Structure formats: structure tokens, C-alpha cells
Amino acid sequence: MSKPTESDTTTGLDFIRQIIVEYLKDAPKEKALVTRFPPEPNGFLHIGHAKSICLNFGVASEYGGSCFLRFDDTNPLKEDQAFVDAIIEDVHWLGFDWEDRLTHASDYYTKFYECAVQLISDNKAYVESLSADEIREYRGTLTESGKNSPDRDRSVEENIDLFARMRAGEFAEGEYILRAKIDMASPNMNMRDPTLYRIRKITHQRTGDEWCIYPMYDFAHPISDALEGITHSLCTLEFEDHRPLYDWVIANLDVPAKPRQIEFSRLNLAYTVTSKRKLALLVNDGHVSGWDDPRMPTIAGMRRRGYPPEAIRDFCARIGITKKDNVIQMGVLENSVREYLGETALRVMAVLRPLKVTISNWPEGEVELMTAKNHPNDPEMGERKLPFGRTLYIERDDFMEEAPRKFFRLKPDGEVRLRYGYIIKCEEIIKDADGNVIELLCTYDPETRSGGAQSDRKVKGTIHWVSAEHSVSAEVRLYDRLFTEPSPDKGDDFLAVLNPASLEVLKGCQVEPQLANLSDASVQFERTGYFVTDADSSTSNGLIFNRVVSLRDSWAKIERANTQN
RNA sequence: UGGGGCGUAGCCAAGUGGUAAGGCAUCGGGUUUUGAUCCCGUGUACCGCAGGUUCGAAUCCUGCCGCCCCAGCCA
């Protein structure tokens, strides 16, 4: 994060912060910055919204300003209180506070109505009776200008009357709309007498049946901004063409402020989609378990997946703010997650694909307690005791009967260090009738107890383990990218490139005992990755973990190189 | 044959006329009882292309090329 207020330079800041610094240069007190994050409650927030939230709330706090959380609820057809609740939870969880600045566009419905009447009175808006199809025809095309509607010259008195009757519910949906009178020949389609109000005989989630006419975004948004004293109205690039209309509304109305709209490019994440429509389709068609499925790029999904809010904020700070089209690689997000969790997550041991190991020279029934650090680089996080016995589980991948060069784990007649335990040697392999390895018979070297006399005896590898007698069984869910293509939006059917292997469920995993009662914080399964207990985890379902993200794995690279040669 | 934007290394991104920051990724190496972390090192970026102005241009001018957005009574 930058530390701008006392700096008189704009070097290194993104272009929006540069504009703000310039704006604040003289009389910063009088011109105090005000921003807003204006979601429409028609779906869950996703990583792209996180970028906007971090920008709007971030910039406000950096420059001593304030930020509104405003629900842009102008279309009751698509909106729902459940989404409002989810959005509030998500923004809060991300770490931002709007104090008393939680508003709704619907708070201003009366004001919008008065503004519309003002425009009509000023002969700058008129009631249209053409059908939607006719309006489309009259609008012209990208290359041909439109033509004026026959209703454009309706008298002010008649417009006033008609609009009042629209509001009174005298007409059916689609019978009339209110349009701004601007310029049907404008090369900017948004200026060809845009719709200001339409009739919708639907109950609104907040205003009930008080209204049957609802304002369009282009009308409601600039007025809402002005009423809240927004100084910088930050939005994404697709609204750039709307700015002349935004300015027109402000200029032609008697409103208390003149906000400035600035556009930046929206976030695209590789191998995922960030469009509420498409995310809703994934949910509604059952391709995922819900808006909070851990594979979803929604804030709720990432929360359930175990991404810490700090990591998401760090990610948003790293990707920057520009007007360029961009596709951010997943690795950047994962790096932010690993970086935060690497410092903060408790280390524990868990075996995902258990292979039984019997220590043949270990006394039957004897249990020793080994001391393990909760974090290798942070002594303040303390230690814990791990039971070690005759029968253990190790990771199936940590044994290879025919090991390639540079395989530093267990192999026939080979030695390996058990993390925080003893060095063991593989003496015998037990197989089932099909030739699958089902158990290893090993011996341990009593001198090599972790912390003991010969504990610094070097062996190539160290692997994790759990005591079979003490470990707890768990389900582990491994996640992969939801799509197989870097840009699922590119083709004509994004559902066709869904990754069929985006979820892998592992049952019968064996985890160290203390994991049975874990908080909701993510932990590191040593050598495997970061994990968090899933919401499905309960006494009846048993223990369930989500893999947040794997650890970086340079062995995987070596393996890949080996198989390619 | 309309309008609005954008083009700096694989992906992001500084740079605002003085001779190309940083991050992620990659590839080497060191430390390590996590093949993790950490630490070092690693890039010929024709600064979209072509001209021009200038002692000097990624930065200014001109022309081209490429990509994105706009014809909802969605936001």
C-alpha cells in the first residue's frame, strides 16, 4: 500500500490515486474525498467486486475520506434481499467498514421522481408511447443516426399528466416510458433519448408496492452519487460511454454536488469467469454446490475455500488499477494466499492417502510423545506433542518401489526421516493378491529421535506421518480450476470447458488427533498444503477439510521433467 | 462508412522528454528434520508498427495496425 497523504508526488500511484492527489492538493479539508461501492443485489460478489471494494474503501481510508456501501436496487425484477444480506456479510468479511453509510438507491425514489418531474417541466424529458420494438427501430444503429419519436414534441403539460398517471399505476407495463430529450443523432447511443423510467408492477424488496415506476441506472446513479456527496464515482470501463449521460443528468438537475466518474478496467482471472450471469448459471444449473462452492471466484466461495481476507486484499493491491484489458494469472492470487498463510498457519500432520507402516523393532503397545513445532520459523506459536507408536500411516506417494533418481523419500532398503520422529528403514514390502503395496515393514534407529543424540544424522528425505492408533479419520476435498481454458468466455459455450476434475474427494484420510477440534482458521498440512474445515463438517458428517491451496512443489516439476524425457 | 477506450518481458505494472522500477511466473544456486519457507542470482522488453520533431522520445506530432466496449423498458 502506498502512503500518499503527506506525499506531494504522484509517482508510482495508479492513475485514479494520482487524480485524487491532484484534487486534494488545495483545500483538502473542504474537498474531502467521498467514494461509494454500488453493487446491485442480484447475485453474490466475486473477486472482481473485491478489486472495486478495495479501491473504493481503500482510497477513502488512505486519503482521509469516506466510502458508502450503496445497494443499486432499481430493478426489483432481478433483485433479492438475500443478496443484500450476503453482500453485507462479504464486504464486512473482506475487512471494510461503512459505519453509518449503508444506503440504497431506493432510499431516494422520491427524489428521483422529483428530478424526473423537473426535467419534464424543463422540457428535457418526455413520455414515450412507442413499443419497445418501435423504439429500437427509431434508435438507429451504430453507423446510422436515429430519428425522433412522434411523442418527442408532446407538450410539457401532457407529459406531466402522463408521468403522474404512470406513477399512479394507470398504465400497464410497457405502455409508456419516460425518456430524456437529448439527441437522436448522437454518435453515442446512450445519448439517443435514453430511458429514464419504466413501469414495473412488481413488489420491491424494500419499498413494497409503493412504486410501480422504477428509474434506470443511468438516471438513478448520478443522482444517488450527487445526493451522497460522492466526489469520485469509480466504475468499470464499460460505463465510459455512459459518462456524457452521467454528466448530462447532473448538469440538468439541481443537485447538491457534481461527482466525477472515472473508469478503470475490470479484473479478469485466468481459468475462471467473473460475470454474475455466468456464475448464477453455474449455481442454478447445479454445476457447483452453490454461490459459496469453494471453486467459485465469489467472495463467499473464497471464504469457504479458506482464502484469508488479508490475502485477497493483498492480491487486489498487487494487480493495480489501469484501463488496460487484463487477465491475471491464478498464480498471483495463490501467491498472496500462500504468503499470508505461510506466516500465520499452524503446522499439523495429516496423511491424505494412507499407507500402513509397521515398525517391527518397536515394542508392542508402547507409545512415545514426540515434540513438534507449530511453526518452523515462529517459536512463539509454540509446540505440541505427537504420539508415536508401532503402527503408523505415511503418504502413499512417499514410497516408491522403483524410485527414480533424486527420489528422496522411502524406497526398498532406503532410509527416511519421520518428521519430528525417528529415522526408519524400509525392510519389507507387503502386497495384496493384485500386487498392490498394502503395508511396509520398517525398522527404526533408536539413536535418531528428533532432538536426541544422533538426531542430526543426515538422510535425504523427511516425510510426515501419523500414529495409526491415535489418528482421526477425515474427508479431504481437493480443488482445481473450474475451467480447462484460460479464457472460458472466449468460446461460445463456457459450460463446455468446465473442468470435470475440479473436485476430488478423498475419504479415509488420517489426521493428527487435535484436528478434531479445530477453529475455522486455515492450517498447513505439512508438505501437502493449506487446509480449512469445511462448512459441511459436523458431528454427523465427520471431519471435512478443504484444500485452500497446495504448497509450492518443486518435486512435481522434477517429475514432470522426468516423464517428458 | 459511427462513437468510446487500450497497446511497456509469459502475466500484471511503474515510467509524464534525459537514455526502461517492482511483483508474479521461469530458470539456476545456497540454507533447511516441510522437495515448504527464507536468501542470493537469472530477462537481447525492436516500450504495437512506420515516419517526423529534438542534442536526446516509451514519453511530443502524423499516419497505420491490433484488441476491447456500445444499438436493454439490465447494471
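Nothing here was measured: the structure is a model prediction, and the numbers come from that model. Below, read A as the first sequence line, B as the second, and so on, with proteins coming before strands; counting in each chain starts at 1.
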Looking for any heavy atom pair under 4.0 Å, which part of the strands does A:Phe15 touch: base, sugar-phosphate only, or nothing? nothing

Both conditions, 6.0 Å and 45 degrees, for the charged tip of A:Arg167 above the ring of A:Trp211: are they met here? yes

Touch class at under 4.0 angstrom, heavy-atom based, for A:Ser336 against every strand present: nothing

Between A:Arg243 and A:Glu263, does any side-chain N to carboxylate O distance fall below 4.0 Å? yes

Regarding A:Ile135, tell me which of base, sugar-phosphate or nothing describes its non-hydrogen contacts under 4.0 Å with the strands shown. base

Using a 4.0 Å heavy-atom cut-off across all strands, classify A:Tyr214 as base, sugar-phosphate, or nothing. nothing

Spacing of the P atoms in B:G23 and B:G72 (rounded, Å): 47 Å

Expressed in whole Å, how much space separates the C1' atoms belonging to B:U62 and B:G10? 33 Å

Write down the distance separating the C1' atoms in B:U53 and B:C65, rounded off to the nearest Å. 23 Å

Residues pairing under salt bridge (charged side-chain N to carboxylate O under 4.0 Å, His left out) where one sits in residues 369-378 of chain A, two or more places apart or in two chains, turn out to be none

List the residues meeting side chain to side chain donor-acceptor pair (under 3.5 Å) with A:Thr448, not counting sequence neighbours, and say none if there are none. none

Just jot down the salt bridge (charged side-chain N to carboxylate O under 4.0 Å, His left out) partners of A:Arg200, sequence neighbours excluded, or say none. none

Just checking A:His242: base, sugar-phosphate only, or nothing, at a heavy-atom cut-off of under 4.0 Å? base

Would you mind calling B:G72 syn or anti? Take O4'-C1'-N9-C4 for purines or O4'-C1'-N1-C2 for pyrimidines, and syn is within 90° of 0. syn

So if I take residues 36-46 of chain A and measure heavy-atom distances to RNA chain B, which residues fall below 4.0 Å? A:Glu40

Applying a 4.0 Å non-hydrogen cut-off, can you work out what A:Ile328 is touching in the nucleic acid: base, sugar-phosphate, or nothing? sugar-phosphate

In chain order, what residues pass the side chain to side chain donor-acceptor pair (under 3.5 Å) check against A:Arg481, with sequence neighbours excluded? none

Whole-Å P distance, B:U59 and B:G7: 12 Å

Which part of the nucleic acid, if any, lies within contact of A:Glu263, taking any heavy atom under 4.0 Å across all strands shown: a base, the sugar-phosphate backbone alone, or nothing? nothing

Would you classify A:Gly342 as touching base, sugar-phosphate or nothing, given that sugar-phosphate means primed atoms plus P, OP1 and OP2, and contacts are heavy atoms under 4.0 Å? nothing

Could you pick out which residue, A:Thr143 or A:Trp555, lies toward the 5' side of RNA chain B when each is mapped onto its nearest nucleotide? A:Thr143

A:Glu339: which residues meet the salt bridge (charged side-chain N to carboxylate O under 4.0 Å, His left out) condition with it, sequence neighbours left out? A:Arg318

For A:Asn377, answer base if it contacts any base atom (sugar-phosphate contacts may also be present), sugar-phosphate if it contacts only those atoms, and nothing otherwise; contact means non-hydrogen atoms under 4.0 Å. base

Do A:Lys411 and A:Phe399 meet the cation-pi criteria used here (NZ or CZ under 6.0 Å from the six-membered ring centre, within 45° of the axis)? no

Base, sugar-phosphate, or nothing for A:Gln329, non-hydrogen atoms under 4.0 angstrom? base

Please give the distance between the C1' atoms of B:A57 and B:U8 as a whole number of Å. 14 Å

Rounded distance in Å between the C1' positions of B:A14 and B:G28: 27 Å

What pairs with A:Glu228 under side chain to side chain donor-acceptor pair (under 3.5 Å), at least two apart in sequence or on another chain? A:Arg70, A:Thr103, A:Tyr108

Those residues at least two apart in sequence (or on a different chain) that pass ring-ring contact (aromatic ring centres under 6.0 Å, His included) with A:Tyr23 are A:His232

For the residue pair A:Leu77 and A:Ile202, what are the closest heavy atoms and their distance? CD1-CD1, 3.4 Å

Between B:G48 and B:C6, how far apart are the C1' atoms? Round to whole Å, please. 11 Å

Compute the centroid of each ring, for A:Phe163 and then for A:Tyr113, and state whether the two points are separated by less than 6.0 Å. yes

For A:Asp553, give me all partners under side chain to side chain donor-acceptor pair (under 3.5 Å), at least two apart in sequence or on another chain. none

Under 4.0 angstrom, heavy atoms only, what part of the nucleic acid is A:Ser145 near: base, sugar-phosphate, or nothing? nothing

Contact class for A:Thr195 (heavy atom, under 4.0 Å): base, sugar-phosphate, or nothing? sugar-phosphate

Under 4.0 Å between any heavy atoms, over every strand shown, what does A:Arg347 touch: base, sugar-phosphate, or nothing? Just pick one. base

Reading RNA chain B from 5' onward, which residue's closest nucleotide shows up sooner: A:Pro215 or A:Thr322? A:Thr322

Please report the distance separating the C1' of B:G4 from the corresponding atom of B:A45, rounded so that it comes out in whole Å. 30 Å

Would you sketch RNA chain B in dot-bracket for me? Only Watson-Crick or G-U wobble pairs with both distances under 3.5 Å count, crossing pairs as [ ], other-strand pairs as |, the rest as dots. .(((((((.[[[..)..(...]]]..((((.......))))......[[[[[..)....]]]]])))))).....

Pairs where residues 171-183 of chain A contributes a residue and the test salt bridge (charged side-chain N to carboxylate O under 4.0 Å, His left out) is met, not counting sequence neighbours: A:Glu128-A:Arg179

Touch check for A:Arg136, heavy atoms < 4.0 angstrom, all strands: base, sugar-phosphate only, or nothing? sugar-phosphate

Name the first nucleotide and the last nucleotide along RNA chain B (5' to 3') that come under 4.0 Å of a heavy atom in chain A. B:G2 to B:A75

